[in-house]
Structures are given as structure tokens and as C-alpha cells.
4 protein chains.
Amino acid sequence: MSKENATEDNSRRMELVRAAARLFRDQGYERTTVRDLGNAVGLQSGSLFYHFRTKEEILVAVMALGITATTEQLAAALSRAKTPRDKLAALFHVHLHSLLGDNQAALEVMLYEWRSVSATAKPGLIVLRDRYEALWQETLDEAAAAGLVKPDTRLLRRTLLGSLHWTVQWYHGNGELSVAELADRMLELTLIA
Amino acid sequence: MSKENATEDNSRRMELVRAAARLFRDQGYERTTVRDLGNAVGLQSGSLFYHFRTKEEILVAVMALGITATTEQLAAALSRAKTPRDKLAALFHVHLHSLLGDNQAALEVMLYEWRSVSATAKPGLIVLRDRYEALWQETLDEAAAAGLVKPDTRLLRRTLLGSLHWTVQWYHGNGELSVAELADRMLELTLIA
Amino acid sequence: MSKENATEDNSRRMELVRAAARLFRDQGYERTTVRDLGNAVGLQSGSLFYHFRTKEEILVAVMALGITATTEQLAAALSRAKTPRDKLAALFHVHLHSLLGDNQAALEVMLYEWRSVSATAKPGLIVLRDRYEALWQETLDEAAAAGLVKPDTRLLRRTLLGSLHWTVQWYHGNGELSVAELADRMLELTLIA
Amino acid sequence: MSKENATEDNSRRMELVRAAARLFRDQGYERTTVRDLGNAVGLQSGSLFYHFRTKEEILVAVMALGITATTEQLAAALSRAKTPRDKLAALFHVHLHSLLGDNQAALEVMLYEWRSVSATAKPGLIVLRDRYEALWQETLDEAAAAGLVKPDTRLLRRTLLGSLHWTVQWYHGNGELSVAELADRMLELTLIA
DNA sequence: TATGAATGAGTCTTCATTCAT
DNA sequence: GATGAATGAAGACTCATTCAT
């Protein structure tokens with residue numbers, strides 16, 4: 001609701017955040033200049049500073065967008081799912097679509113530019129990330145109770161997230177395998193038996 | 001033996017590469033200045049360029065060291081192992097010790113600074129990486145044949161490497177769990193039944 | 001009129017080009033630092049790069065200014081001149097005034113810093129130079145037809161330009177001989193009989 | 001005779017001076033590094049400093065070589081020539097062969113790197129140059145007395161030297177015209193009638 | 001003489017940020 | 001909000017020169 005909320009209103013801000021997400025993913029945060037950012041939205045570099053106080057603030061906004069959007073999508077998918085098995089599947093599908101789908105650069109930036117976030121900004125992002133991971137933990141616990149996955153769910157959560165994050169390094173949707181198929185096969189590897 | 005081999009002789013070079021590994025891991029490649037590198041080995045920044053032509057050449061040397069050292073350790077461990085199960089375990093143990101053990105920063109740099117490597121230097125590193133992953137593939141294939149893991153070994157390889165790489169983001173040897181124990185538990189999650 | 005035209009408008013650019021002309025002439029291009037250039041116009045060295053992309057771009061602008069300004073002056077003088085003899089005289093007068101007159105450093109830079117121009121920038125400057133030399137060639141041909149000079153006008157053109165260029169090495173307007181008188185005496189040496 | 005005489009003995013010194021002449025001509029003095037110089041004679045850069053105290057000393061040696069060698073050649077040619085006309089021709093031939101002939105880079109360096117010579121080294125070189133120009137002056141005076149050239153010989157000397165110097169900018173022995181022919185045609189332009 | 005390693009001052013250039021208009 | 005111009009600190013890299021061996 002507030003003016004400071006990067007995830008809504010203020011179309012110029014959002015336009016910038018989306019453009020930044022793509023640039024940060026493609027070139028890296030450090031290698032992306034404030035001029036690049038300006039060019040991408042038709043603004044002079046100096047003008048950006050009426051929307052964001054610093055370049056890092058843009059980075060944080062990108063990350064916040066990535067994680068909150070994904071969290072929202074996961075929450076929605078989980079509430080649609082009926083069985084523990086369907087919910088488990090939702091974890092894989094939502095995460096991979098967010099990471100590998102079209103212009104979904106924001107989440108990837110969160111993974112690979114973490115080191116560029118200042119100590120003061122980290123706590124806020126960690127809260128958002130924990131919210132996302134809490135959904136994972138609940139779902140995995142249910143799945144374990146249902147005998148679908150092994151019971152070491154805390155380690156399993158970290159293991160699976162690592163696997164999924166890593167897909168950006170090798171998956172390039174060149175026909176062979178759709179994102180949905182990939183999600184199914186990764187789910188398959190996780191299931192007991 | 002060759003003068004061009006960054007992984008041996010030439011003590012000054014090696015000293016620098018090791019110091020660079022730690023700095024690149026801790027601060028990131030972009031944020032590490034050549035002055036930082038010089039200070040770390042007691043040299044003026046300009047003097048580095050007697051040993052390396054560019055800063056990027058140092059990065060490449062770090063990565064080459066990380067991957068070749070790990071490959072050698074894995075090869076040695078595999079040749080010591082008797083059973084498919086022991087070999088499988090070696091994958092987890094060697095990888096995690098290389099990644100999380102003391103001053104083993106080099107491999108981590110390989111994972112997180114890939115984007116800073118120029119297009120011309122990438123192919124050489126990819127060759128080294130493929131050599132490492134080939135050992136993984138062989139071992140996983142044997143394990144699958146022995147009924148230890150699921151048969152989708154190509155995806156399994158990527159999945160497992162992703163899981164292991166990701167440990168650097170959350171594992172900080174604070175007592176609770178040793179690296180060896182972690183390796184065992186991650187192996188456990190992977191085994192069928 | 002165009003933004004890219006270094007020879008007009010954009011007063012800061014022109015101011016810089018003029019200051020650079022003098023510095024490049026006096027100290028040489030290589031020995032002139034961007035700090036020197038900045039100081040000369042009251043700017044930080046980094047600020048120059050808002051106006052020019054590289055130091056070499058400044059050099060090229062200086063040269064372009066030198067040759068185009070001289071060409072324009074020659075064209076004007078030739079159109080004012082009535083006889084072949086008067087036109088011939090204009091060649092000497094305009095060239096020497098451009099080269100030896102007050103703050104006319106730009107043309108001299110063109111002569112003595114040619115080696116510092118990159119291969120990509122040379123063609124553009126050569127076009128400008130050829131335009132200037134074409135005026136010379138026409139005028140010499142007319143003079144030869146009128147029996148004023150020897151008929152080997154292509155070699156004559158090169159010979160005369162060499163003579164005139166060289167004056168910067170020995171002429172220092174210390175009273176004895178004005179630039180106009182020098183021009184007249186050099187013309188005299190060229191005339192038949 | 002002395003150890004400091006760059007024009008004789010000490011083959012390593014001479015080898016270096018000759019190599020330097022070519023490099024300085026081709027790349028310019030400022031752009032030629034001491035490493036380039038070392039490479040050209042199979043020496044490490046540091047080793048050069050056992051032969052010359054500074055890089056500039058090498059430049060001065062190159063220039064001294066260029067001008068003294070040319071002076072000697074001119075003196076020899078003049079003593080062989082019988083008539084004023086033959087002597088006049090010798091000026092053109094010797095100068096152009098020295099400037100444009102094979103590996104005769106040294107004289108050209110003298111013309112184009114003068115600005116890089118320190119104030120302390122200039123007087124010595126000027127003495128050498130004056131010796132050369134004195135031969136020119138004498139010869140031109142004789143020629144004027146014989147009615148071969150116009151009587152303004154001081155200006156004529158400068159004019160002719162400028163013309164000849166400039167040839168390096170446009171003459172590239174591509175068949176059409178030999179150096180000897182060029183000398184003859186330039187002489188022709190200078191003669192009265 | 002020669003080398004290999006190091007120095008240290010200096011170079012051009014980059015870039016996030018500021019600010020008067 | 002937006003611009004264009006400027007800042008100033010920092011960056012990687014260069015290079016003549018030195019010197020212990």
C-alpha cells in the first residue's frame with residue numbers, strides 16, 4: 001500500500017525493477033551500470049535516483065520481487081492441491097517455473113547476487129526467504145508423514161532447493177525437456193521407492 | 001612440470017593463487033582489488049602483473065586449481081574404494097571436503113564466479129569440469145546397476161551436484177554436524193529404500 | 001549543426017579541443033595526461049569522459065578541427081583571389097598562417113601526432129586531408145598552365161607541403177621575418193625564373 | 001675511441017641501437033617499451049641498463065647514429081663529385097637514401113622524436129645536425145654562385161630539407177619510382193629554368 | 001654481464017552519485 | 001520528476017628502473 005512498496009503501484013518503479021532483474025541476471029549486478037539500467041527504461045542515469053536512493057536498493061527490490069512473487073505462487077498452488085503428493089509436486093513445479101520460465105529473472109538474481117547485498121538489507125530479505133522455505137518445510141513434513149519421502153526433511157529441504165537452484169546452470173529449454181517434465185522427473189527422483 | 005602449469009612449482013604463483021582463492025570466495029571476484037591480492041602476499045599491486053597478465057588470469061588459475069585438485073582427490077578415493085557403495089560414498093565425501101574443508105576456497109570460486117570468466121577462458125575450464133563430472137557419471141552408473149540409486153543417472157548427477165554445491169550457503173561447521181556426517185546423511189537421502 | 005560535429009556548438013567540447021590542441025603541440029600527445037587536459041579547462045580528469053569517450057577521440061577532434069578550419073580558410077581565400085598568381089600565393093599564406101599563427105596549434109598536431117591515431121580513425125581524417133590537398137592540386141595545375149611553376153605538379157605539391165610543414169621546426173616569429181613575408185619568399189623560390 | 005662512443009665497438013650496443021632505430025620509427029619512442037627493446041636483441045629488459053643508463057640514452061644514440069652516418073656519407077659523396085651540379089645532386093641522393101633506404105630508420109627517428117629528447121641531450125645532437133647542414137649550406141652556396149639555384153640559399157636549405165624529410169610520409173617504394181629517380185626529380189624542381 | 005623479481009609512481013578509464021536548472 | 005553535466009574516488013594495468021643473486 002505504501003509508496004515504498006516495490007511490488008505494486010508506481011509503474012515506473014516496477015518497470016525498472018523488471019528491467020533490472022533481467023540485466024542483473026544476464027550481466028551480473030556489479031557489471032551492470034546505472035547507465036545500463038537507465039537505458040533499459042529510457043531514463044538518464046541521474047534520474048534513477050528519484051526512484052531509488054542507491055543502486056543496491058534496486059537490487060534489493062529485485063530480490064524481494066523474486067521471492068515474494070514465488071511465495072505467492074506457491075501458496076496459491078498449495079491451496080489448490082488436494083493430496084500430499086500433489087502438494088509435493090507443486091513445490092517442484094512452482095520453483096522451476098519461477099526460475100526457468102520466461103522473464104523470471106528476479107529469483108535467479110536472489111540466488112547469485114546475495115553477496116552484493118549489504119548487511120543492513122539482508123535481514124529483511126531473509127524474512128521473505130524464510131517465509132518461502134516455511135511453506136516447503138510444512139509440505140515436506142506432510143509428505144514424510146504420508147511416507148512419500150524420507151523423514152530427514154530439514155536436510156531434504158536444503159538438498160532439494162540446492163538441486164532446483166542448480167538447474168539454471170544447465171537447463172536451457174532447447175526442446176528436449178519442458179520445465180514441467182523436468183519438475184516431474186526431479187520429483188520422481190525424490191520419492192521413496 | 002611445465003612453466004604454464006599453475007597448479008605446481010613456482011611458489012610465488014601458487015601462494016598468490018591460494019590467497020586469491022580465499023579473497024575471491026570471501027569478497028567476490030569483482031570486489032577484490034588487485035591491491036587486496038598484492039597485500040595478501042606482500043607485493044605491490046603492480047608486481048602481480050609480473051606473474052599474471054590480468055586479474056582474470058588469476059581467477060582462471062584459482063578455478064583450475066579448485067577443480068583439478070578435487071578431481072585428483074576423487075580419483076584417488078575411487079581407486080581405494082572396493083564396492084559400488086564405497087565409491088558412491090566417496091563422491092559425497094570428497095566433494096564436501098573440498099568445498100567445505102579448511103582453506104578449500106578454490107572450488108567454491110569456480111561455482112560462484114563463473115560469470116566473470118571470459119568466453120575465451122571458459123572452454124579450458126569446461127574440459128576440466130567435464131573430467132570431474134565423468135568420474136561422477138561412471139560411479140553413479142555403477143551404483144544404479146547395483147540397485148543402489150535410481151536409474152535416471154544423468155539427472156541424478158546434476159541433482160546431486162546441485163545439492164552439494166548449495167551446502168556452502170547454509171553449512172557452517174558449528175559443531176552440530178561434521179562434514180563427514182553431512183556427507184553420510186546426504187548419501188542416505190540418495191539411496192533407494 | 002549535428003551533435004557529433006566537434007567543430008561547432010557545444011562550447012565545452014570546443015573549449016577542450018582548443019586547449020588540447022595547445023597541450024598536444026607543446027608536450028606531445030603521449031606526454032599529455034588527461035589530468036593536464038582537465039586542468040586546462042577546470043575539470044576533473046574523469047569528467048572529460050562525459051564529453052569524449054577516449055583520449056584518442058580528443059586527438060582526432062583536434063586534428064579534424066585543424067584541417068577543416070584550414071581548408072575553409074583556403075577555400076575562402078581562393079574564391080577571393082583573381083589571378084592564378086594570386087591563388088598560388090594564397091596557398092602559402094593560408095598554410096603558414098594556420099601553422100604558425102597565434103593559437104593555431106591544431107594543424108601542427110595533425111602533422112606530428114599522426115602515429116598516435118588508431119587505424120580506425122585514420123580514414124576519416126584522410127578524407128579531410130585529401131579535400132585540402134585537392135584545393136592545392138587544382139591551384140597548382142592552374143599555375144602550371146599559366147607558366148608560373150614547373151609542370152610536375154603532383155610532386156611539386158608534396159614538395160611544397162613538406163617545405164611548409166617543416167617551418168614549425170625552425171620559424172619562431174622573433175621579429176626578423178613576419179609570417180606573410182616568409183610566405184612571399186617561399187613563393188618566390190617556387191616561381192619559375 | 002672511448003667506451004661511450006655509440007658508433008663503434010661494443011657490438012651489443014650497436015645491435016641494440018639498430019634494433020631501437022627500427023622500433024622507434026615503427027611504433028614511436030613513447031610506445032616502444034624497454035621490454036620491446038630487450039626482446040628485439042634477446043635480452044631481459046633489466047639487462048639493457050648495463051648498456052645504457054636510461055631509455056632516453058638509447059634514443060640519443062639512435063639519433064646520433066642517424067645523423068653522423070648520413071653526414072659521413074654526404075661528405076664522401078661530395079668529395080667524389082666534380083661539378084657544383086654533381087654536388088647538388090649528391091645532397092638529394094644521399095639524403096633520400098638515408099631516409100628511405102633499407103633499414104635506415106635512424107635518421108627518421110631524429111626527425112620525428114625530437115620532442116622526446118631532454119633539454120640536456122639536445123645541444124650535443126644539435127652540434128651534429130649543424131655539421132650536416134653546414135655541408136648543405138656550402139654546397140648550395142656554390143650552386144647559387146654557379147647560377148644553378150636561386151640565391152636565397154638559407155631559406156632554400158630549409159625549404160629543401162623540409163621537402164626531403166616529408167617524403168617519408170608519402171613515399172613507399174612500390175615500384176613506380178626508385179629512390180634515385182625521386183632524387184633526380186626533386187633536384188629538377190629545384191633547378192632554375 | 002645477465003636474470004628474474006619487484007617497485008612505485010603514473011596512466012586512462014569507470015561509475016555511483018549529486019545537483020543546479 | 002527529469003536532465004545534463006560534473007564529481008571524485010577507485011579500478012586495472014603499464015613501465016622505466018633497481019637490485020640481489
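The shown structure was predicted, so the numbers you read here are calculated from the model rather than taken from an experiment.
- A close approach under 4.0 Å does occur between a side-chain nitrogen or oxygen of R12(B) and OP1 or OP2 of dA6(E).
- When heavy atoms are screened at a 4.0 angstrom cut-off, L48(B) is found touching no nucleic acid atom at all.
- Counting all heavy atoms, side chain and backbone alike, A40(B) lies closest to A19(B) at CB-CB, 4.0 Å.
- The one candidate from L107(D), L99(D), L111(D) that meets the side chain to side chain contact (heavy atoms under 4.5 Å, CB included) condition with V168(D) is L99(D).
- Annotation: cation-pi geometry not satisfied between K55(D) and F49(D) (NZ/CZ under 6.0 angstrom from ring centroid, within 45° of ring axis).
- With dA6(E), dT17(E), dA12(F) as the candidates, the nucleotide lying closest to the side chain of L43(B) is dA6(E).
- The distance from atom CG of N39(D) to atom P of dA16(F) is 12 Å, rounded to the nearest whole Å.
- Within 4.0 Å of S47(A), counting heavy atoms only, lies at least one base atom of the nucleic acid.
- The distance between atom CG of L59(D) and atom P of dT17(F), rounded to the nearest whole Å, is 12 Å.
- V109(C) and M63(C) make their closest contact through O-CE, 3.5 Å (heavy atoms, listed as atom of the first residue, atom of the second, distance).
- R13(C) forms a cation-pi arrangement with F52(C), by the criterion of a distance under 6.0 Å to the ring centre and an angle within 45° of the ring axis.
- Listed pair Q44(A) / dA2(F) fails the phosphate criterion, with no side-chain N or O lying under 4.0 Å from OP1 or OP2.
- Side-chain N/O atoms of H51(C) include none lying less than 4.0 angstrom from OP1 or OP2 on dG4(F).
- Across every non-hydrogen atom of G42(D) and R12(D), the tightest pair is O-NH2, 4.1 Å.
- Nucleotides dT21(F) and dT1(E) have their P atoms positioned 22 Å apart, rounded to a whole Å.
- At its two ends the helix from dA2(E)-dT21(F) to dT21(E)-dA2(F) runs along axes set 20° apart, each axis drawn from five pairs and the angle rounded to 10°.
- No more than 12 heavy atoms of other residues, nucleotides or ligands shown are found within 6.0 angstrom of CZ on R35(C).
- Per the geometry, CZ belonging to F49(C) stands 12 Å off P belonging to dT11(E), to the nearest Å.
- Nucleotide dT18(E) holds its P atom 15 Å from the NZ atom of K55(A), rounded to whole Å.
- Rounded to an integer number of Å, the gap from CZ of F52(C) to P of dG4(F) is 17 Å.
- Look at CZ on R31(C): it is 14 Å from P on dC15(F), rounded to the nearest Å.
- Contact of Y50(A) with dA2(F) (side chain to base): a donor-acceptor pair of N or O atoms is detected under 3.5 Å.
- What you find for R115(B) and D26(A) is that their closest heavy atoms are CD-O, 4.0 Å.
- Between the CG atom of D36(C) and the P atom of dG10(E) there is a distance of 12 Å, given to the nearest Å.
- Which of dA12(F), dT13(E), dA6(E) sits closest to the side chain of R35(D) comes down to dA6(E).
- When the nearest nucleotides of DNA chain F are assigned to G42(C) and T33(B) by heavy-atom distance, the more 5′-ward of the two goes with G42(C).
- Rounded to a whole Å, the CD atom of E57(A) is 15 Å from the P atom of dA16(E).
- Residue whose closest nucleotide on DNA chain F sits further toward the 5' end, between Y29(B) and V34(D): Y29(B).
- Checked against dT7(E), dA6(F), dC13(F), the side chain of T54(B) finds its nearest nucleotide in dC13(F).
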